[in-house]
Undergrad: 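Below are the structure tokens for one structure; questions will follow.
Lettering follows sequence order; numbering is per chain, from 1. Quick note: numbers below take in every heavy atom, side chains included, and nothing from hydrogens, waters or symmetry partners.
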Amino acid sequence: MTGRAPTDPDASLSLLRRLVDDAMDPGYQEATDRGDRRGADWRHSTAFAVAIAVTATLFVATVLQVRDGAPDASQTRADLTDQVMATTATVEQIDARLGTLNREVAQLRQTALAGSGSDRALADEVAALEGEVGVAAVEGTGVEVVMEDGPPATVGESGPDLARVLDTDIQLVVNGLFAAGAEAVAVNGQRITVLSPIRSAGEAILVGFRPLTPPYAITAVGPDELSEAFESGSAKAALDELESAYGIRVDIVPEDNLSVPGRGDLALRYVTKGESP
Amino acid sequence: MIAVLGLVVGIVLGLVLQPTIPAALQPYLPIAVVAALDAVFGASRALLDGIFNDRVFVISFIGNVLVAALVVFLGDQLGVGAQLSTGVVVVFSIRIFANAAAIRRHLFHA
């Protein structure tokens with residue numbers, strides 16, 4: 001055994017050396033030195049056999065567990081899915097609360113501005129602007145455009161599926177509806193404002209940073225002739241092209257009574273001081 | 001020969017019962033197996049040296065397994081579980097190697 005003198009050049013190795021030298025439990029030697037010969041006959045040692053049996057069982061169990069490690073991976077995935085669901089539910093709750101609070105604010109404003117004629121005019125102006133900006137829900141006649149992915153049409157083995165509805169297709173419809181005179185547009189129940197991006201991230205289409213799931217329903221409220229104006233616009237021609245070339249299904253249904261929800265999470269960005277009353 | 005019987009019974013039990021280990025214990029199982037293997041190799045060398053003692057063996061077996069699992073558990077709590085697992089595996093593998101070499105010298109005189 002190496003000494004512990006600071007001059008020992010071998011000092012850092014003593015740990016390893018001790019590990020190798022004491023590989024067998026020193027207890028065996030000590031027991032023998034004590035003359036303790038009880039249980040020295042391993043041939044009849046039940047403890048030895050049982051320990052070996054336990055070790056073998058644990059070994060086999062571990063090997064089996066490692067081999068089908070796949071359940072672990074799917075478990076992780078299920079856990080993640082649960083987390084996503086839970087978080088989505090929380091977001092929905094918060095959204096609902098936001099809606100309630102927004103309605104409360106609107107009500108309070110209504111009562112505050114119920115006084116004089118000029119106040120009422122201001123309230124009317126606010127209400128009209130809210131509809132335009134996208135804060136307030138809008139109801140009325142309109143049109144609903146439903147798009148669905150066509151049958152898979154991949155290019156080669158792993159190429160992109162051309163029959164999928166893309167973010168640009170959604171943009172096309174939304175822009176076409178606004179061009180046809182729509183007052184308010186929503187995609188899958190999400191109001192489009194001037195600040196709503198429509199883009200793709202990987203395979204998902206995001207509207208206002210929230211992923212969409214097919215089918216894609218684009219609802220628009222506007223004047224009575226909105227549907228005809230849209231059908232005769234350039235967007236319709238492009239949609240027809242998509243339908244005939246890739247089998248993307250597009251249904252355009254005029255509706256008498258549509259409701260487009262408002263967007264509650266618009267923040268006030270600029271405020272200018274009005275004329276003092 | 002009772003030991004060989006134990007080995008066979010253990011393997012058969014593991015294959016037939018396919019015991020599922022609770023998820024909480026799963027990280028410690030491989031470490032425990034390595035620790036148990038170390039104890040078994042140490043005992044095998046001792047019995048070839050003619051100094052086997054089943055009391056020493058049982059204590060070293062249980063002690064090895066428990067301490068190894070405890071060290072890894074503490075490491076997990078401290079966030080260094082993987083590093084400590086590596087440390088435990090390194091120590092036990094060195095011992096297993098050394099014992100296996102001693103057993104080999106005994107059996108083959110080489």
Side-chain angles (χ1 to χ4, degrees), chain A residues 1 12-79 82, chain B residues 1-21 23 26 29-30 32-65 90-91 94-102:
Chain A
M1 198 106 336
S12 63
L13 272 178
S14 70
L15 180 73
L16 278 175
R17 173 152 294 169
R18 180 170 304 173
L19 205 56
V20 174
D21 288 347
D22 287 351
M24 185 179 63
D25 214 296
Y28 291 113
Q29 195 59 57
E30 282 167 19
T32 310
D33 294 346
R34 275 202 311 273
D36 181 1
R37 298 295 296 163
R38 280 175 302 147
D41 184 5
W42 66 277
R43 271 170 254 268
H44 297 108
S45 168
T46 332
F48 191 46
V50 168
I52 286 183
V54 169
T55 308
T57 310
L58 283 179
F59 184 82
V60 170
T62 311
V63 169
L64 290 177
Q65 203 127 46
V66 170
R67 272 199 181 182
D68 51 29
D72 282 353
S74 68
Q75 181 63 40
T76 312
R77 222 173 108 159
D79 286 350
D82 286 350
Chain B
M1 292 310 98
I2 189 169
V4 178
L5 195 70
L7 180 67
V8 173
V9 167
I11 291 175
V12 169
L13 270 183
L15 284 175
V16 171
L17 294 179
Q18 305 219 342
T20 36
I21 286 82
Q26 265 175 25
L29 193 62
V33 170
V34 173
L37 277 179
D38 170 63
V40 169
F41 269 87
S44 307
R45 180 181 171 183
L47 66 87
L48 284 175
D49 285 350
I51 55 172
F52 179 77
N53 183 306
D54 68 358
R55 206 171 52 84
V56 174
F57 169 65
V58 167
I59 291 172
S60 78
F61 182 84
I62 296 174
N64 260 6
V65 170
V90 166
V91 168
I94 291 176
R95 284 169 50 127
I96 289 174
F97 260 110
N99 283 332

Undergrad: Between B:Leu7 and chain A, with a heavy-atom cut-off of 4.5 Å, which part of the residue counts as in contact: side chain, backbone, both or neither?
TA: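 Both the backbone and the side chain of B:Leu7 come within 4.5 Å of chain A.
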Undergrad: Does A:Asp25 have any salt bridge (Lys or Arg N to Asp or Glu O under 4.0 Å) partners at least two apart in sequence or in another chain, and if so, which?
TA: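 Partners of A:Asp25 under the salt bridge (Lys or Arg N to Asp or Glu O under 4.0 Å) test: none.
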Undergrad: Over all heavy atoms of both residues, which pair between A:Ala51 and B:Phe61 is shortest? Give the atoms and the distance, please.
TA: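 Of all heavy-atom pairs spanning A:Ala51 and B:Phe61, the closest is O-CZ, 3.8 Å.
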Undergrad: Could you check if a side-chain atom of A:Thr32 sits within less than 4.5 angstrom of a side-chain atom of B:Asn53, using non-hydrogen atoms only?
TA: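 Sidechains of B:Asn53 and A:Thr32: no contact.
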Undergrad: Please look at B:Val4 and chain A and tell me whether the side chain, the backbone, both or neither of the residue comes under 4.5 angstrom of a heavy atom of that chain.
TA: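 Interface part for B:Val4: neither.
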Undergrad: Under a 4.5 Å cutoff for heavy-atom pairs, which residue among B:Ser60, B:Ala98, B:Ala35, B:Ala43 has the most contacts with chain A?
TA: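 If we count pairs closer than 4.5 Å to chain A, B:Ala43 comes out on top.
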Undergrad: Which heavy atom in A:Tyr28 sits nearest to a heavy atom in B:Ala39, and how many Å separate them?
TA: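 Nearest pair, atom of A:Tyr28 first, then B:Ala39: OH-O, 4.4 Å.
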Undergrad: Does any heavy atom of chain A fall under 4.5 Å from the side chain of B:Asn64, the backbone, both, or neither of them?
TA: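 B:Asn64 has no heavy atom closer than 4.5 Å to chain A.
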Undergrad: Mark yes or no for whether A:Thr57, through its side chain, and B:Gly10, through its backbone, hold a donor-acceptor pair below 3.5 Å.
TA: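 Here the side-chain-to-backbone pair exists.
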Undergrad: Considering non-hydrogen atoms only, spot the tightest contact between B:Val56 and A:Ala31 and give its length.
TA: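 In terms of heavy atoms, the two residues are closest at CG2-CB, 3.9 Å.
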Undergrad: Specify which of B:Leu29, B:Val9, B:Leu13 makes the most heavy-atom pairs with chain A at under 4.5 Å.
TA: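 Heavy-atom pair counts peak at B:Leu29.
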Undergrad: Rounded at 0.5 Å granularity, tell me how far CG in B:Leu15 sits from CG in A:Leu64.
TA: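 The CG atom of B:Leu15 sits 6.5 Å away from the CG atom of A:Leu64.
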Undergrad: As an exercise, state the distance from CD1 of A:Ile52 to CZ of B:Phe57, rounded to the nearest 0.5 Å.
TA: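 A:Ile52 atom CD1 to B:Phe57 atom CZ measures 6.5 Å (nearest 0.5 Å).
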Undergrad: Is there side-chain contact between B:Val33 and A:Phe59, with heavy atoms separated by less than 4.5 Å?
TA: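 Yes, their side chains come closer than 4.5 Å.
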Undergrad: Contact part of A:Val50 toward chain B, heavy-atom cut-off under 4.5 Å: side chain, backbone, both or neither?
TA: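 Contact with chain B is absent: no heavy atom of A:Val50 under 4.5 Å.
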Undergrad: List the residues meeting side chain to side chain donor-acceptor pair (under 3.5 Å) with B:Asn99, not counting sequence neighbours, and say none if there are none.
TA: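 B:Asn99: side chain to side chain donor-acceptor pair (under 3.5 Å) contacts with B:Arg45.
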Undergrad: Which atoms of A:Glu30 come close to chain B, meaning under 4.5 Å heavy atom to heavy atom: side chain ones, backbone ones, both, or neither?
TA: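 When you check distances to chain B, no heavy atom of A:Glu30 falls under 4.5 Å.
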